[in-house]
Each structure stands twice: as structure tokens, then as C-alpha cells.
Asks: 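Take this structure first; my questions come after.
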Amino acid sequence: MSSDAGVRKAVIPAAGLGTRFLPATKATPKEMLPVVDKPAIQYVVEEAVAAGLEDVLFITGRSKRPLEDHFDRNLELEQVLAAKGDHERLATVNASSDLARIHYVRQGDPLGLGHAVLVAENHVGGEPFAVLLGDDLIDPRDPVLPAMVKVRERFGGSVVCLMRVPRETISLYGCVAVQPTDEDDVVQVTDLVEKPDPADAPSDYAVIGRYLLDPAVFEVLRSTPPGRGGEIQLTDALRVLATMPASDGGGVHGVVFHGRRYDTGDRLSYLQAVIMLAVERDDLGPDLRAWLTEFAAQL
């Protein structure tokens, strides 16, 4: 059943093993890898909060305790910093624990993104909700969630974030077939395919890791069989939703994103993300840009 409620809750799947970053992720969750001086996952939570989504549910797995500790209080550290009069670092430490109302539930068996979303049902209830993937960092200067909320308010149903990518790379993403609407950079999604062969891809529109989902997705996911990779794919459930009437929570629209996005799920892209964010900082940027210029001249 469709819901007309506003979006208040965010779900962040964080149960993956991070195998592409081994051995660094053998004992450290990939979400906790630092991007400059904050773990990648904190950027994602800050994005949700900036969009008004202050109720955040992490879908976790085994060995994710450091993630929970990061967003919890650390009284001993706070006391040491307070005793030193280091109020700047104390404020930084407190910022992560005061960000949002954060909850945790374990996925158990890692059966795919669709399964992770299904685990959130009891917490989300009958409300629409956002899903933010931790590997996708959206630059805070280019927010996309507010635009997605407005599209849902107009059209109902679910909303995905889209980027145009080179067709030869479309096999790395979920891909959509679209029809235009009367709004710039807003399309109606008519079909979705998970990681298609470039020759078979219906477009060059890739789904990136931001979703606004109608609660009708839960009923669809319960009947979605394992798909690509033997996992329950959220893409397959969205494909069904795209064909359902709006009165039942169906319909899928896409917001085409043109802003800055950083992929921290790939080693090279992760390094690029660290550099790109660092060069924009007032405290690091000037010296880093000067060093990069000197270093590049030596290559």
C-alpha cells in the first residue's frame, strides 16, 4: 500500500565485507576507512541529516562494532580532551555522536541489497524512506536528496538517483530505461536491469546509491527471487514497482544528478576521493595543491 507520509528515515546498508580493500578491511569495516580525517560513513550520515532525515538505521553484520563505537559516546576520550582544554577536537569527537538518532539491526546472511532493505521493514513501518549506500559519497555542495524528496512529493512512488556514464562502464551499475517528464532532469523509469552487458543496456543512465522507496517495496521484496549473483536485488523489486499503479505504491522516477560524486568502493576511486576532498579544504588545500603540482612535474 502506498504512503503519503513525508520521508523521515534513512537506511544505510553496511553489512558488506569490503573484500576489495583487503587486508585493510580484515579487522576494520570498509565504512570506517578515512576520507581525509572522517570515516567514509560519516559523510553519508551527514548527508542524510542535512536533508532532514535524522532517524538513521544501519543494517550491519559481524565485525561492524567499530562503526557502532564511532557514533557512540567515548567518555574517556572526551574527558582527556576536556582536561587538556582541546575544545576544537572535543567538538569534533562529539559531532559524530550527536549527529542523529542512530539504530542498528544485523542482516544475518548477506543475501544482497534487496534483502538488506527488507531487514529494515520493522523499523521503517509504513513510511517512505531513503536508502543511502556508503560507497557513494555525494559532495555536500551538490545535495541530491532534497530534489528526490520533491519528486516523490509530486509523483509519489519511489525515486532513484541517476547519472549518465560511459556506455562501456554501464555493466558496473543498475541501468534504467526512461521516458521524459515535463521537468528538467526528472525522468520516468519504465524498466531496470542489474549490471547489463553494454550491448544490451537500455540507456546510459546508471543508478547510483541513493533511493527513496515507497513502503510497498517490502511486499515486492518478499516475493522477489534471487537474481544476479544469487542475491535478492533491489533493482528487480524496483522493476516490479515501475509497472504497478501509483495507488498501490507503484511508479518509479529518476533524478538525473550532475554534481560531484566520489566512489569509495574502489581503491583507485577511493584515493581520488581523498585527494579531491582534501584539495577543497582551507586547512589542507593550498599546501596539497602545491605539492601535487610539484609531484606531477616530476613524473
Side-chain angles (χ1 to χ4, degrees), residues 13 16-22 24-25 30-31 33 35 40 43-44 47 110 112-114 116 131-139 141-142 144-145 147-148 151 158-181 184-211 224 226-243 252-277 279 292 296 299:
L17 297 176
T19 53
R20 286 181 290 179
F21 278 87
L22 287 171
T25 50
K30 66 173 183 176
E31 296 83 5
L33 294 176
V35 178
Y43 289 87
V44 179
E47 178 191 352
L113 178 57
V131 174
L132 294 80
L133 303 190
D135 288 347
D136 280 311
L137 267 60
I138 303 297
D139 194 295
R141 295 166 295 182
D142 302 318
V144 69
L145 286 175
M148 295 174 68
V151 169
S158 298
V159 184
V160 296
C161 185
L162 304 174
M163 285 188 72
R164 304 193 83 154
V165 301
R167 186 171 283 271
E168 60 268 21
T169 67
I170 197 67
S171 60
L172 301 174
Y173 303 90
C175 178
V176 297
V178 301
Q179 292 180 348
T181 70
D184 291 339
D185 293 327
V186 177
V187 295
Q188 181 180 358
V189 175
T190 58
D191 197 9
L192 300 96
V193 184
E194 180 67 16
K195 298 181 178 178
D197 184 277
D200 301 325
S203 73
D204 60 355
Y205 285 108
V207 181
I208 63 172
R210 298 296 181 268
Y211 308 80
T224 298
R228 187 181 181 94
E231 298 180 336
I232 298 175
Q233 298 290 346
L234 180 59
T235 301
D236 293 339
L238 286 166
R239 188 180 191 187
V240 174
L241 287 173
T243 67
V252 178
H253 285 79
V255 172
V256 183
F257 180 63
H258 299 286
R260 286 158 284 198
R261 164 191 174 252
Y262 312 109
D263 180 2
T264 60
D266 172 81
R267 290 174 298 173
L268 177 59
S269 296
Y270 168 80
L271 293 172
Q272 293 169 337
V274 173
I275 294 170
M276 287 188 288
L277 285 168
V279 297
L292 286 170
L299 295 179

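Keep in mind that the numbers below use all heavy atoms, side chains included, and drop hydrogens, waters and symmetry copies.
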Asks: Can you check whether Glu47 reaches Leu145 side chain to side chain, under 4.5 Å on heavy atoms?
Replies: yes
Asks: Could you measure the distance from the CD1 atom of Ile170 to the OG atom of Ser203? Nearest 0.5 Å is fine.
Replies: 6.0 Å
Asks: Measuring from Leu113:CG to Leu133:CG, what's the distance to the nearest 0.5 Å?
Replies: 5.5 Å
Asks: Given side chains that start at C-beta, do those of His253 and Val187 come closer than 4.5 Å, heavy atoms only?
Replies: no
Asks: Measure across Leu192 and Ala242 and return the closest heavy-atom pair with its distance rounded to 0.1 Å.
Replies: CD1-CB, 4.5 Å
Asks: Take Val160 and Val252, measure what side-chain contact (heavy atoms from CB on, under 4.5 Å) needs, and give me the verdict at the end.
Replies: CA-CA 7 Å; Val160 296; Val252 178; 4.3 Å; yes
Asks: Is the ring centre of Phe21 less than 6.0 Å from the ring centre of Tyr270?
Replies: yes
Asks: Between Arg210 and Val144, which heavy-atom pair has the shortest distance, and what is it?
Replies: CG-CG1, 4.3 Å
Asks: Hey, is the main chain of Val193 close enough, under 3.5 Å, to the side chain of Thr235 for a donor-acceptor pair?
Replies: no
Asks: For Tyr205, is the NZ or CZ atom of Arg164 found under 6.0 angstrom from the centre of its six-membered ring and inside 45 degrees of the ring axis?
Replies: yes
Asks: Could you walk me through whether Asp139 and Arg261 pass the salt bridge (charged side-chain N to carboxylate O under 4.0 Å, His left out) check?
Replies: CA-CA 6 Å; Asp139 194 295; Arg261 164 191 174 252; over 6 Å; no
Asks: Check side-chain hydrogen bond (donor to acceptor under 3.5 Å, both in side chains) between Arg20 and all other residues, then give those that pass, not counting sequence neighbours.
Replies: none
Asks: With side-chain contact (heavy atoms from CB on, under 4.5 Å) as the criterion, how do Thr181 and Gln179 come out once you've worked through the C-alpha distance, each side chain's angles and the decisive distance to 0.1 Å?
Replies: CA-CA 7 Å; Thr181 70; Gln179 292 180 348; over 6 Å; no
Asks: Could you go through the salt bridge (charged side-chain N to carboxylate O under 4.0 Å, His left out) check for Arg167 and Asp204 one step at a time?
Replies: CA-CA 5 Å; Arg167 186 171 283 271; Asp204 60 355; 5.6 Å; no
Asks: So do Asp191 and Pro202 actually touch side chain to side chain, heavy atoms under 4.5 Å?
Replies: no
Asks: Looking only at atom types and distance, does a side-chain atom of Asp142 sit under 3.5 Å from a main-chain N or O of Arg260, one as donor and one as acceptor?
Replies: yes
Asks: Could you check if a side-chain atom of Asp135 sits within less than 4.5 angstrom of a side-chain atom of Lys30, using non-hydrogen atoms only?
Replies: yes
Asks: Which atoms form the tightest heavy-atom contact between Met163 and Phe257, and what is the distance?
Replies: CG-O, 3.7 Å
Asks: Excluding sequence neighbours, so at least two apart, what forms side-chain hydrogen bond (donor to acceptor under 3.5 Å, both in side chains) with Gln188?
Replies: none
Asks: Less than 4.5 Å apart, side chain to side chain, heavy atoms only: is that true for Leu277 and Tyr43?
Replies: yes
Asks: Salt bridge or not between Arg239 and Glu194? Use side-chain N to carboxylate O under 4.0 Å.
Replies: no
Asks: How long is the span from the CG atom in Leu162 to the SG atom in Cys175, to the nearest 0.5 Å?
Replies: 9.0 Å
Asks: Side-chain contact, heavy-atom cut-off 4.5 Å: Pro196 with Ser171?
Replies: no
Asks: Roughly how far apart are Lys195 NZ and Tyr173 OH, rounded to 0.5 Å?
Replies: 10.5 Å
Asks: Would you say Asp184 has more than 12 foreign heavy atoms packed within less than 6.0 Å of its CG?
Replies: no
Asks: Which heavy-atom pair separates Val189 from Gly254 by the least distance, and what is that distance?
Replies: CG2-N, 4.0 Å
Asks: Are Leu137 and Val44 packed together at the side-chain level, in the sense that at least one heavy-atom pair is separated by less than 4.5 angstrom?
Replies: yes
Asks: Tyr211 and side-chain contact (heavy atoms from CB on, under 4.5 Å): which partner among Leu132, Val159, Leu234?
Replies: Leu234
Asks: Could you pull out the closest heavy-atom pair between Val255 and Val151, with the gap in Å?
Replies: CG2-CG2, 3.6 Å
Asks: Let me confirm one number: the SG-CD1 distance from Cys161 to Ile208, rounded to the nearest 0.5 Å.
Replies: 3.5 Å
Asks: Could you give me the CA-CA distance, side-chain angles and deciding distance for Val186 and Val256, then say whether side-chain contact (heavy atoms from CB on, under 4.5 Å) is met?
Replies: CA-CA 6 Å; Val186 177; Val256 183; over 6 Å; no
Asks: So does Asp266 get a backbone contact from the side chain of Ser269, meaning a donor-acceptor N/O pair under 3.5 Å?
Replies: no
Asks: Taking the side chain as every heavy atom from C-beta outward, state whether Thr264 and Val35 have any atom pair closer than 4.5 Å.
Replies: yes
